[in-house]
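Reviewing the structure listed below.
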Amino acid sequence: MRIFSDENLEVIHRPGSSPYLLVTFNEMEMKANGSRFWAQRFCEKADISALGFISRRPNWFPAASVVKAVEAAAPILRAAPERILYGHSQGGYAALRYRGRFNASVAIAFCPQVSIDPKVAPFDGRFARHFSPDLHANMGIAPDHAAGRAYLFFDPFHAVDHRHAARIATLQERTHLVPVHMTGHGTVRAFTGTERALSLIEACRGDDLRGLRALARAARVVAPMRPYQIAVTAIARHPAWADRFHARFGSSFSPVERANFLYLRANRHIRDGELATARTMLVDAMTCQPENAGFAGRLAELDGRIARSRRADGTALS
């Protein structure tokens with residue numbers, strides 16, 4: 001049942017039999033449609049009591065709307081003394097940003113951002129286009145936002161997510177970092193499945209750090225994105241190994257993963273002066289994602305460089 005809606009977000013309540021209320025926040029690809037919320041299927045399968053906060057666009061849950069939504073949900077929150085916040089990326093940010101607002105017992109965040117304000121996080125340009133000074137004034141995660149305990153899951157090999165995690169841990173007390181290696185920005189996908197997700201929540205409820213780390217180790221081994229992440233990580237220092245890994249496992253990559261690998265590998269070829277090989281890879285990447293303007297721009301830039309090289313030496317590149 002929808003209990004709140006405004007221009008930025010909506011909130012859906014799902015009654016259940018769990019001893020806690022799970023408050024979920026969606027990642028940016030999911031948008032409100034009046035009837036669904038992030039982690040809804042999981043909550044239905046496990047009969048979990050839930051409040052689903054869903055953004056209407058990638059807006060990082062503006063505080064003014066969240067305050068109004070929490071007021072609307074006050075009777076439900078009062079009836080649930082144990083509140084667990086749960087989210088990924090922009091949703092992970094919200095789970096940490098509002099843990100005090102909800103007086104949460106536990107916050108579970110996957111790959112969150114400390115902020116999308118370019119002045120606060122100049123090392124991360126992925127989401128800067130969604131930052132609005134009017135909407136996001138003072139949006140950064142701060143010490144006074146903390147309540148209960150928080151568990152932050154991230155991939156240490158993802159340099160940008162790692163920096164966000166480290167910053168957040170210094171700002172908020174009782175925030176435990178849980179590394180899940182070779183899962184990239186999709187760490188939450190390593191914990192899909194009702195049984196695994198329930199185990200994760202129960203370990204966080206019990207503050208079982210040893211159990212959480214064991215669960216993370218087991219989850220990463222079978223994580224669907226692991227082969228892709230290993231191949232991408234190897235490009236920087238071991239490109240030949242990345243090629244071998246791609247040759248062996250590339251057929252299992254999703255179209256997005258394949259396009260990203262080809263793009264990143266092409267950039268390494270450009271750095272190494274192997275322009276013709278790089279061009280072939282960029283063309284293949286565009287075949288996977290023809291609508292990607294970034295790929296097209298990089299190809300145009302490379303073609304210009306190749307043309308200048310040919311004019312300079314009068315020979316065709318092999």
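What you are looking at is a predicted structure, and each value in this text was computed from that prediction instead of being measured.
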Residues R126, D161: salt bridge by 4.0 Å N-O rule: yes
Intermediate values then yes/no, side chain to side chain contact (heavy atoms under 4.5 Å, CB included), M139 and V120: CA-CA 9 Å; M139 73 168 292; V120 176; over 6 Å; no
By salt bridge (Lys or Arg N to Asp or Glu O under 4.0 Å) - contacts of R205 (at least two apart): E82, E202
Aromatic ring proximity, centroids under 6.0 angstrom, Y98 and H145: no
Lys/Arg N to Asp/Glu carboxylate O, R56 vs E7, below 4.0 Å: no
Y228 side chain near H246 side chain, heavy-atom distance below 4.5 Å: no
Aromatic ring proximity F249/F261, centre distance under 6.0 Å: no
Between Q90 and S55, a side-chain donor and acceptor under 3.5 Å: yes
Output field: ring centroids Y93/F25 closer than 6.0 Å: no
Residues, nucleotides or ligands: over 12 heavy atoms within 6.0 Å of N33 CG: yes
R101 atom CZ, neighbour heavy-atom count above 12 within 6.0 Å: no
Of all pairs that satisfy ring pair (Phe, Tyr, Trp, His ring centres under 6.0 Å), the ones with a partner from residues 69-88, not counting sequence neighbours: W38-Y86, Y86-F110, H88-H185
I76 vs L21 side-chain heavy atoms within contact, under 4.5 Å: yes
Side chain to side chain, H269 and R265, heavy atoms closer than 4.5 Å: yes
